[in-house]
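Before any comments, here is the structure.
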Amino acid sequence: MIRVLLVDDQNLIRQGLKELLKLEPDLEIVGEAENGAIAVDLAAKLQPDVVLMDIRMPIMDGVAATQEIHQNFGNIKILVLTTFDDDEYVSAALKYGAMGYLLKDTPSEELAAAIRAVHKGYTQLGPGIVKKLLNQFPSGGQTHSEPVPPSLTELTPREKEVLKLIATGASNREIAQELYISEGTVKNHVTNILNRLSLRDRTQAAIIANTFLAYLNEFD
């Protein structure tokens, strides 16, 4: 059973989420908070597996609450859920430890799947969010003003292909279809890429790929 803490300043939203997630047999709502300060207190008391975190709230917003919970309770996974797909909030929430970021119009079955994925340690980003994150970094179309990291040059040709597709926001299934390989093989490549580049997740891999896209394109 995955224990979930709901954090949102609107009671109606909390109740709606609670009713939707109650239909999932492996998810249990263990608490609710109407602002970040209460969320931090309840995280300490309840030790949920996953916190479903709103962003704009009174007293303490979701970014500050995410930072504090992540610093003090690193085992608790945080999934940000908001109506605001603002670049600043996306990057701040991820910077301070959120494992994912979805918009509130995400279908309930996709939200439940994201909670399960985050609980397992995977990063979950809503459609278009990877692209918005990458827009904050220099375009990969430039000649590289920064030296290419040695670890990047050590990737195999296939790993470089996978890395380029990660930069587009493609899922493992989409990468498998594009390269005509199995999804399991893609997972192995992604694991190798993250390990070789000393990266935490696909988001960081996408940022690296975009920054050095000119280098990666040399291998087309």
Side-chain angles (χ1 to χ4, degrees), residues 2-22 24 27 29-137 169 200-204 206-207:
I2 301 174
R3 305 172 70 253
V4 181
L5 172 63
L6 296 179
V7 184
D8 196 292
D9 65 330
Q10 295 184 346
N11 181 63
L12 188 61
I13 296 294
R14 294 199 309 274
Q15 292 308 308
L17 289 171
K18 189 173 183 178
E19 291 304 313
L20 289 173
L21 296 178
K22 273 170 51 178
E24 304 294 331
L27 303 182
I29 308 303
V30 296
E32 302 175 40
E34 62 189 38
N35 61 59
I38 296 175
V40 172
D41 288 341
L42 288 182
K45 293 175 183 176
L46 301 174
Q47 291 292 308
D49 298 307
V50 177
V51 177
L52 206 54
M53 181 76 75
D54 189 20
I55 284 290
R56 298 194 182 185
M57 297 180 291
I59 303 177
M60 177 186 283
D61 66 26
V63 173
T66 292
Q67 182 179 19
E68 189 157 342
I69 291 173
H70 180 67
Q71 286 179 342
N72 294 308
F73 313 103
N75 59 310
I76 298 177
K77 307 299 193 301
I78 301 171
L79 179 61
V80 172
L81 189 66
T82 181
T83 55
F84 301 94
D85 58 340
D86 184 286
D87 295 6
E88 180 182 351
Y89 286 116
V90 173
S91 57
L94 294 172
K95 175 183 177 182
Y96 292 131
M99 294 291 292
Y101 194 108
L102 297 177
L103 300 181
K104 287 183 179 177
D105 59 2
T106 300
S108 58
E109 62 274 14
E110 292 183 20
L111 175 58
I115 291 173
R116 296 184 187 104
V118 164
H119 178 244
K120 292 179 181 178
Y122 295 109
T123 300
Q124 290 291 301
L125 299 178
I129 289 179
V130 169
K131 184 175 180 181
K132 292 172 74 65
L133 278 173
L134 294 180
N135 286 340
Q136 300 177 42
F137 294 84
R200 187 186 69 186
D201 51 43
R202 295 170 77 98
T203 304
Q204 293 183 341
I207 291 169

Distance, nearest 0.5 Å, that separates CE of M99 from CG of L79: 10.0 Å
Spatial distance of atom CG (L6) from atom CE (M53) [nearest 0.5 Å]: 11.0 Å
Single hit among D49, V50, L27 for side-chain contact (heavy atoms from CB on, under 4.5 Å) with R3: D49
Contact check, side chains of L5 and V7, non-hydrogen atoms, under 4.5 Å: yes
Salt bridge flag under 4.0 Å for residues K104 and D54: yes
Heavy-atom side-chain contact between L111 and L81 under 4.5 Å: yes
What pairs of donor and acceptor atoms, side-chain ones from residues 37-47 against any protein atom, are under 3.5 angstrom apart with sequence neighbours left out?
| unit_1 | atom_1 | unit_2 | atom_2 | d |
| --- | --- | --- | --- | --- |
| Q47 | NE2 | A43 | O | 3.3 |
| Q47 | NE2 | A44 | O | 3.4 |

Listed pairs under 3.5 Å, donor-acceptor, residues 62-78 side chains, sequence neighbours left out:
| unit_1 | atom_1 | unit_2 | atom_2 | d |
| --- | --- | --- | --- | --- |
| T66 | OG1 | G62 | O | 2.7 |
| N72 | ND2 | E68 | O | 3.0 |

Exercise: identify the closest heavy-atom pair between L102 and A114: CD1-CB, 3.5 Å
For E109, side-chain contact (heavy atoms from CB on, under 4.5 Å) partners two or more places apart: P107
Intermediate values then yes/no, side-chain contact (heavy atoms from CB on, under 4.5 Å), L21 and L52: CA-CA 11 Å; L21 296 178; L52 206 54; 4.1 Å; yes
K18: salt bridge (Lys or Arg N to Asp or Glu O under 4.0 Å) partners, not counting sequence neighbours: E32
Atom pair CG (N35) and CG (D9), whose distance is rounded to the nearest 0.5 Å: 8.5 Å
